[in-house]
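The basis for the numbers below is simple: all heavy atoms, side chains too, and nothing from hydrogens, waters or symmetry mates. Order of the sequence lines fixes the chain letters, A, B, ..., with proteins taken first and strands second; residue numbering starts at 1 for each chain.
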Number of protein chains: 2
Amino acid sequence: MDSSDTTGPGVKSATRTVALLDFFARQGGMYSLSAIQQELGYPKSSLYALLRTLVQLGWVETDPTGTLYRIGMRALLVGASYIDGDPVVGMAHETLEWLAEVTGETVHFGRLDDVEVVDLSSRPSRHDLRPVVRVGRRVPVHSTALGKALLADRPTPRLPDELERQTENTITDRRALAEELRRVRERGYAADREENSTGICCFAVVLRLQRPARDAISVSVPATRLTKAAEREIPALLMRARERIEYSAHHLLH
Amino acid sequence: MDSSDTTGPGVKSATRTVALLDFFARQGGMYSLSAIQQELGYPKSSLYALLRTLVQLGWVETDPTGTLYRIGMRALLVGASYIDGDPVVGMAHETLEWLAEVTGETVHFGRLDDVEVVDLSSRPSRHDLRPVVRVGRRVPVHSTALGKALLADRPTPRLPDELERQTENTITDRRALAEELRRVRERGYAADREENSTGICCFAVVLRLQRPARDAISVSVPATRLTKAAEREIPALLMRARERIEYSAHHLLH
DNA sequence: CAGATCTGTTCAGATATGCGAACAGTGGCT
DNA sequence: AGCCACTGTTCGCATATCTGAACAGATCTG
């Protein structure tokens with residue numbers, strides 16, 4: 001069987017299983033059988049058997065009446081293990097600590113997934129310890145420093161169908177974004193000037209562990225704290241952090 | 001079809017799909033095809049097809065050689081959505097904020113899963129802002145305040161096969177644990193005196209949203225900060241937090 | 001209260017997966 | 001080198017899933 005066939009991926013019910021889980025993840029609520037069937041297009045009876053199986057295994061939960069479905073807790077456990085098992089996140093950990101310490105700001109570790117960036121690790125700012133747990137959440141690729149840093153490293157960046165406006169500074173034009181990516185390549189780091197979230201600016205650099213880069217690290221700064229000095233220092237610190245991470249990585253991989 | 005049948009759960013390859021993901025989550029590393037086959041006992045060729053399917057879908061990743069498998073990023077995204085979609089976690093959120101604020105300590109929201117507690121939400125202490133992201137991780141049920149609070153609410157608590165020793169204070173005897181649970185019921189809250197982690201004490205109460213309780217909230221305090229006053233105040237604050245959460249829950253559910 | 005129109009559920013035939021065995025690489029050992 | 005033990009990979013038949021249509025239960029409506 002050819003892998004790029006019209007038959008789609010090999011095992012049908014495995015494909016559907018994860019498609020179902022993906023559906024719950026994207027929509028994030030409770031859905032009835034028929035609602036799911038309308039969305040995914042699978043036959044009712046197939047979904048029925050599948051859902052019952054997954055409920056039995058704890059991967060899908062139902063409401064007390066047994067008629068509304070949502071994602072189950074086992075999914076959470078498995079998801080968390082992705083981070084624990086990732087060698088790069090593990091190696092980057094102490095350097096991100098250091099980076100948060102010297103900047104006093106919030107740092108993130110992001111990984112490109114299709115046309116979005118997934119936050120794999122967050123270290124809150126020293127100042128505002130908001131409980132924002134963003135780990136495992138997606139952020140747009142065109143309006144964040146993480147995303148732009150990663151896009152800039154690709155010869156032909158894949159972009160979402162529409163560059164959704166997040167703030168009044170968001171770059172929504174594809175030409176303008178291409179130009180911005182050129183500047184990112186030139187400078188060696190990406191910046192986000194309240195393009196994703198009003199009042200928040202970010203800087204990011206990619207980790208050059210594979211080509212094109214898959215991972216990036218960033219520092220987020222409230223616009224009010226973004227002095228001229230900080231604008232110079234933070235990118236420099238990011239690059240030092242990158243060196244440290246890349247160094248450990250090369251040692252680990254011999 | 002009977003639910004407690006010898007046929008096992010309905011759709012075989014869905015069962016295997018999630019069993020495979022569970023395997024990766026528990027072991028948390030990279031495994032070869034034959035290693036997985038030894039562990040799970042499925043035929044090689046079946047696993048082969050399944051793994052290829054899941055790799056194609058981003059739920060399993062391979063190393064550069066394509067011979068070692070690990071959990072993929074999509075699993076992380078789906079797991080994170082469990083927390084976002086949970087109504088109780090959502091409602092408890094601002095109360096946990098408040099609890100962290102008034103105590104100045106780290107608070108957790110835990111949910112019972114089989115014989116372990118899963119951390120669904122953490123709010124770091126005001127003092128030591130360690131980046132401990134424990135969300136999605138399991139903690140033992142017998143050595144934590146969260147676990148003991150939840151166990152105490154069950155008529156016949158399910159326990160792990162062995163009560164593993166975590167610190168020198170861990171209760172490892174089943175009789176002693178039963179006695180401890182009796183005290184928890186009497187007092188209305190559970191305490192952990194460095195039983196799970198040396199230097200850390202916890203208090204926890206269950207949320208009475210269903211019988212037996214499924215969720216609990218806790219406050220963790222470094223043993224060095226645990227004054228007599230704190231020992232009285234923290235359980236009282238936990239109970240106030242519980243009232244607030246239960247109140248919002250009943251409003252939401254009418 | 002009957003009819004209409006949604007739900008979730010079951011069933012037997014069409015169809016795709018699952019299985020063991022044989023094949024093909026790879027590295028280690030004498 | 002040659003053999004051996006071990007991987008990952010492919011392939012055809014037995015078998016279990018998938019499916020569409022029919023059934024049943026609930027809610028709404030005039």
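Between B:L40 atom CG and C:dC19 atom P there is a gap of 12 Å when expressed in whole angstrom units. When rounded to the nearest whole Å, the span between OH of B:Y48 and C1' of D:dC11 equals 13 Å. Between the P atom of C:dT7 and the CG atom of A:L68 lies a distance of 12 Å, rounded to the nearest Å. If you measure from atom CD of B:Q37 to atom P of D:dC6, you get 13 Å, rounded to the nearest angstrom. Atom CD1 in B:I36 sits roughly 12 Å away from atom P in D:dT7 (whole-Å rounding). C:dC11 atom C1' lies 15 Å from atom CZ of A:R52, rounded to whole Å. When rounded to the nearest whole Å, the span between CG of B:L51 and C1' of D:dT9 equals 13 Å.
For A:E94, the CD atom counts as loosely surrounded, since its 6.0 Å shell holds 12 or fewer non-hydrogen atoms of other residues, nucleotides or ligands. Remark: A:R240 CZ is loosely packed, at most 12 non-hydrogen atoms of other residues, nucleotides or ligands lying under 6.0 Å away.
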Which atom pairs, one a donor and one an acceptor, fall under 3.5 Å between side chains of residues 140-149 of chain B and the rest of the protein, sequence neighbours left out?
unit_1	atom_1	unit_2	atom_2	d
B:H142	NE2	B:E164	N	3.3
B:H142	NE2	B:E164	O	2.7
B:S143	OG	B:N196	OD1	2.8
B:T144	OG1	B:P140	O	2.8
B:T144	OG1	B:G147	N	3.0
B:K148	NZ	B:E180	OE2	2.8
B:K148	NZ	B:A191	O	2.8
B:K148	NZ	B:E195	OE1	2.6
B:K148	NZ	B:E195	OE2	3.3

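For the salt bridge (charged side-chain N to carboxylate O under 4.0 Å, His left out) condition, the pairs that include at least one residue of residues 53-73 of chain B, sequence neighbours left out, are A:D86-B:R70, B:E61-B:R70.
Within residues 21-31 of chain B, no residue has any heavy atom closer than 4.0 Å to DNA chain D.
Shown here are the side chain to side chain contact (heavy atoms under 4.5 Å, CB included) partners of B:A80, two or more places apart in sequence or in another chain: A:R137. Residues passing the salt bridge (Lys or Arg N to Asp or Glu O under 4.0 Å) test with B:E39: none are found, sequence neighbours excluded.
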Collect all protein-nucleotide pairs involving nucleotides 18-21 of chain D in which both atoms are nitrogen or oxygen and the distance is under 3.5 Å.
unit_1	atom_1	unit_2	atom_2	d
D:dC18	OP1	A:S13	OG	3.4
D:dT19	OP1	A:R16	NH2	2.5
D:dT19	OP2	A:R16	NH1	2.3
D:dT19	OP2	A:R16	NH2	3.2
D:dT19	OP2	A:S46	OG	2.3
D:dG20	N7	A:S45	OG	3.2
D:dG20	O6	A:S45	OG	2.8

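No donor-acceptor distance shorter than 3.5 angstrom exists from the side chain of B:R154 to the backbone of B:T156, with no hydrogens or angles considered.
Between A:Y82 and B:F24, the gap from one ring centroid to the other reaches at least 6.0 Å.
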